[in-house]
Amino acid sequence: MASSRGGGSQQVIRTGDMEKMSLDQLKAVKEQADIEVNLLQDSLNNIRAATGRLENASAALHDLSLRPQGKKMLVPLTASLYVPGTLDDADKVLVDIGTGYFVEKTMAEGKDYCERKINLLKSNFDQLIEVASKKKTLADEAGLILQAKLKQSSPSS
């Protein structure tokens with residue numbers, strides 16, 4: 001979804017076009033590109049964090065599948081609250097599919113769900129890296145052209 005936003009109208013601006021722009025237009029292009037780069041960087045950080053959480057969940061599922069039935073353990077209710085529990089059936093797990101909805105799945109289905117989500121996030125991450133690097137290049141080019149125009153205008157005044 002974020003990658004479709006990244007291909008905005010400024011992406012087609014070429015260096016030759018920027019050289020014809022006024023100082024105010026160049027400043028606006030650079031500021032907009034910098035804002036977009038920062039937003040894309042935030043999205044990349046969020047994807048990285050979500051991937052880490054899913055990898056932890058996948059590892060927890062693997063660890064859970066190795067435990068015997070009847071094993072005593074601590075069950076997390078929140079990030080900091082755990083209650084004692086007993087493992088009843090390690091083949092059935094509840095998977096958080098978002099916005100407070102949970103689905104009961106088998107252990108294999110739960111692992112598969114985590115792996116599919118991890119692969120999707122990694123694919124999105126790669127696409128966002130590409131868009132962010134293009135936006136960064138655009139911002140850098142606009143900055144260089146802006147500096148050159150400012151140098152040209154300052155000696156003449």
Side-chain angles (χ1 to χ4, degrees), residues 1-15 17-18 21 25-146:
M1 188 183 288
S3 63
S4 64
R5 270 187 309 175
S9 62
Q10 290 187 356
Q11 196 63 32
V12 296
I13 295 175
R14 292 186 173 77
T15 305
D17 296 335
M18 284 193 283
M21 291 181 177
Q25 289 172 324
L26 274 172
K27 285 179 187 176
V29 167
K30 178 159 177 35
E31 288 174 7
Q32 182 64 33
D34 286 340
I35 289 169
E36 290 177 10
V37 167
N38 289 337
L39 289 173
L40 289 168
Q41 189 62 44
D42 289 345
S43 295
L44 289 169
N45 290 337
N46 291 338
I47 289 175
R48 197 177 294 124
T51 302
R53 287 191 304 271
L54 280 167
E55 286 171 344
N56 287 342
S58 183
L61 285 175
H62 176 72
D63 183 49
L64 189 62
S65 68
L66 301 176
R67 294 179 186 251
Q69 188 171 345
K71 173 84 173 166
K72 292 190 184 284
M73 57 181 16
L74 291 176
V75 179
L77 293 183
T78 66
S80 60
L81 178 63
Y82 291 80
V83 295
T86 306
L87 183 60
D88 183 34
D89 185 6
D91 192 48
K92 296 207 191 258
V93 294
L94 287 178
V95 177
D96 183 354
I97 59 171
T99 62
Y101 288 97
F102 292 85
V103 176
E104 184 176 296
K105 293 185 175 279
T106 65
M107 182 64 68
E109 290 171 339
K111 289 178 183 178
D112 180 58
Y113 176 84
C114 287
E115 290 305 313
R116 284 186 291 119
K117 286 292 188 179
I118 289 169
N119 291 336
L120 175 67
L121 288 173
K122 286 182 178 180
S123 170
N124 288 348
F125 186 84
D126 294 340
Q127 291 172 0
L128 279 179
I129 287 276
E130 207 174 294
V131 172
S133 67
K134 288 178 183 175
K135 289 290 181 183
K136 180 74 170 120
T137 301
L138 177 69
D140 292 344
E141 287 176 2
L144 290 173
I145 293 169
L146 184 62

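Here the structure is a predicted model, which is why all the values come from computation and not from measurement. Residue numbers run from 1 in the order of the sequence given.
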- Side-chain contact, heavy-atom cut-off 4.5 Å: V103 with L94? no

- Message: Per the side chain to side chain donor-acceptor pair (under 3.5 Å) rule, what does the pair list look like for residues 45-55, sequence neighbours excluded?
- Response: N45-R48

- Message: Under the rule for salt bridge (Lys or Arg N to Asp or Glu O under 4.0 Å), what residues qualify as partners of D126, not counting sequence neighbours?
- Response: none

- Message: Around atom NZ of K136, are there more than 12 heavy atoms from other residues, nucleotides or ligands closer than 6.0 Å?
- Response: no

- Which heavy atom of M21 sits nearest a heavy atom of L26, and at what distance? CB-CG, 4.1 Å

- Query: Has the side chain of N119 got a donor or acceptor atom that lies under 3.5 Å from a matching backbone atom of E115?
  - Reply: yes

- Item | Under 3.5 Å donor-acceptor, E130 side chain and Q127 backbone | no

- Can you tell me how far the CG atom of L128 sits from the OG atom of S123, to the nearest 0.5 Å? 9.5 Å

- Task: Mind listing the closest non-hydrogen atom pair of S65 and K111 along with its distance?
- Result: OG-NZ, 3.6 Å

- Message: Is the shortest side-chain heavy-atom distance between M73 and L64 below 4.5 Å?
- Response: yes

- Message: If you compare all heavy atoms of G110 against all heavy atoms of V95, which two are closest, and at what distance to 0.1 Å?
- Response: CA-CG2, 4.1 Å

- Say you draw a straight line from CD1 of I47 to CG of D42; how long is it, rounded to the nearest 0.5 Å? 11.5 Å

- Task: Please round to the nearest 0.5 Å and tell me the distance separating atom NZ of K117 and atom CG of D112.
- Result: 12.0 Å

Distance-only donor-acceptor hits, side chain of residues 77-93, under 3.5 Å, sequence neighbours excluded:
residue: T78; atom: OG1; partner: S80; partner atom: N; Å: 3.3
residue: T78; atom: OG1; partner: L81; partner atom: N; Å: 3.1
residue: D89; atom: OD1; partner: D91; partner atom: N; Å: 3.2

- Item | Smallest separation among heavy atoms of D96 and Y113, with atom names | O-OH, 4.0 Å

- Item | Backbone N/O of L54 and side chain of S58: donor-acceptor pair under 3.5 Å | no

- Query: Could you give the distance from CD (E141) to CG (D17), rounded to the nearest 0.5 Å?
  - Reply: 11.0 Å

- M107 CE to L66 CG distance, which is reported to the nearest 0.5 Å: 9.0 Å

- Query: Say you draw a straight line from CZ of R116 to CD of E109; how long is it, rounded to the nearest 0.5 Å?
  - Reply: 9.5 Å

- Message: I need the single residue from Q32, K30, E31 that forms a side-chain contact (heavy atoms from CB on, under 4.5 Å) with D34. Which is it?
- Response: K30

